[in-house]
Amino acid sequence: MALMLTSVPGTNDIFAQSKEYPFREPVFRYIIQTAERVLRSSGAQMIYTPIFEYAEVLQKGVGVTSDIVVKKEMYTLEDRGGRVLGLRPEPTASIVRAYNQHGMKVWPQPVRLFTWGPMFRAERHQRGRYKQFHQVDYEALGSADPLVDAEAIALMVQIYRELGLKGLEVKLGSVGDPEDRVRYNDYLRGLFRPYAQALSEDSRVRLESNPMRILDSKSEADQRIVAEVGVKPMLEFLGPEARAFHERVAGYLEKLGVSFSIDPSIVRGLDYYVRTAWEIHHSRIGAKSALGGGGRYDGLSEMLGGPRVPGVGFGIGVERAALALEEERVQIPADPAPDLYLVPLDEAALLEALQIAQGLRPRFRVEMAYAPKNPRKGLEEALKKAARFAAFLGEGERQRGVVTLKNLHSGTQVEVSPAELAGHLA
RNA sequence: GUGAGUGUAGCUCAGCCGGUUAGAGCACCGGUCUGUGGAACCGGGGGUCGUGGGUUCAAGUCCCAUCACUCACCCCA
């Protein structure tokens with residue numbers, strides 16, 4: 001087809017017949033509703049925050065050295081008053097902003113919130129990564145207890161379980177406290193500086209700005225160097241408090257029966273994360289296997305200019321969950337079939353059919369043919385839609401003041417007045 | 001932003017060594033068929049072969065450019 005008007009690359013229409021599995025509306029809805037069911041059962045409350053904020057909120061939220069800001073991966077726009085706004089790349093900053101703005105500190109703590117919706121990143125898209133993508137997000141604010149971390153991880157795993165996914169891998173790590181990271185980064189700089197010339201260009205920059213990033217560099221040369229120098233993992237640099245915290249989270253998870261592995265090299269792209277960090281991976285959903293991740297961000301609120309509010313939360317990538325469901329061929333519940341399919345047999349019956357339909361909706365799911373059909377065609381359509389009943393409306397019925405109601409499961413049919421239809425459908 | 005692959009009907013695709021008016025299946029619409037189980041048969045609409053240029057007597061086919069998509073890199077959900 002010649003190019004006409006299309007959606008922006010990396011954005012997608014979500015509808016039932018979409019060619020791409022992650023954008024089939026029933027799949028999408030299944031994931032969001034399942035997540036919502038689990039999270040509501042935990043007492044978390046839904047919050048919808050705007051999809052755009054003052055860019056400053058989002059920039060501070062993702063951290064100044066984060067690539068999202070550095071490489072301009074956040075969409076920004078200017079409104080008429082010259083305010084610089086940004087489309088959210090993730091919702092955590094908005095939720096922390098809302099917590100402070102609405103005085104949620106006087107609520108019973110922790111305040112546990114969840115949301116879902118579109119997120120935006122100005123990146124080149126690929127499988128499982130889009131300019132507009134969707135995320136289910138949970139945040140527990142106002143508690144620094146490791147029990148809250150363990151609950152968040154357990155809830156996240158429970159959501160994937162409820163979805164029917166099996167091939168999950170929970171990787172738990174800790175990024176320590178800020179001072180631990182300073183020590184670790186100094187250690188890494190000292191370790192890699194002698195190899196600076198051999199490192200990739202990207203990693204040479206990282207050497208000063210964010211040496212932890214060198215560890216998961218994709219460059220083979222970098223990886224060879226990493227292997228050669230024998231890097232100690234971040235976990236070994238935890239201070240006593242962060243270490244104890246990490247061990248308590250791990251201990252709670254074991255007692256909760258959540259299986260996980262310790263990943264000592266887990267790294268966070270965002271500056272405000274402290275201590276607990278985790279990712280949930282799935283095999284074979286593309287170049288990136290992460291279904292979602294989470295972590296603790298006790299410093300975020302202060303960074304936004306508010307009081308210190310400890311918090312922990314996670315994000316679930318909806319499209320990535322869908323890819324995993326497709327990969328595992330998990331059966332998605334089918335949309336309910338119509339209770340009744342109305343078949344007008346002549347022009348005069350069209351309006352009558354619509355009147356009957358409107359009388360039965362919304363108690364029953366009622367669909368109809370919008371042009372006269374012969375009975376065979378009408379029946380065929382009703383069967384294709386897997387309707388429970390079909391009703392024929394023709395000249396004979398009109399004279400007798402009835403419709404012919406056919407039970408498509410049993411094959412039996414009766415003539416009933418329109419007023420009696422509801423009783424037969426119930 | 002970088003690299004590779006792919007572009008023929010709404011979808012999945014065929015189209016030989018360049019050769020007449022570009023095809024099939026599915027889907028859609030109509031008929032056989034105002035009277036009953038997803039059928040069958042017949043018919044129909046729908047394509048500037050992604051776009052532009054070049055080579056050639058002749059281009060869906062070869063060449064160049066461009067655009068789009070896909071995958072991957074960077075980064076991330």
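So that the names make sense, note that chain A is the first sequence line, chain B the second, and so on, each numbered from 1. Only a predicted model underlies this, so the values are computations on that prediction, with no experimental measurement involved. Below, all heavy atoms of this structure are taken into account, side chains as well, without hydrogens, waters or symmetry copies.
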Nearest-nucleotide 5' precedence on RNA chain B, A:A386 against A:D346: A:D346

Toward the 5' end of RNA chain B, by each residue's nearest nucleotide, A:G10 or A:E279: A:G10

Any residue of residues 415-426 of chain A with a heavy atom less than 4.0 Å from an atom of RNA chain B: none

Among B:G35, B:G37, B:C71, the nucleotide that comes nearest once only the side chain of A:Q126 is considered: B:C71

A:K373 side-chain proximity, nearest of B:A72, B:G30, B:U36: B:G30

Base B:A77 paired with A:Q132 side chain (donor-acceptor, <3.5 Å): no

Closest to the A:K384 side chain, choosing from B:G35, B:U34, B:G38: B:G38

Sugar-phosphate, base or nothing in reach of A:E123, heavy atoms under 4.0 Å: base

Sugar-phosphate, base or nothing in reach of A:N407, heavy atoms under 4.0 Å: base

Out of B:C69, B:C11, B:U36, whichever nucleotide has its closest atom nearest the side chain of A:P375: B:U36

Options B:A39, B:U70, B:G35, nucleotide nearest the side-chain atoms of A:T404: B:G35

Verify stack between A:F392 ring and B:G35 base, 5.5 Å, 30 degrees: no

Proximal nucleotide (of B:U70, B:C33, B:G35) relative to the A:N374 side chain: B:C33

N/O donor-acceptor pair, side chain A:Q413 with base B:G35, under 3.5 angstrom: no

Rounded distance in Å - CG (A:L408) to C1' (B:U36): 10 Å

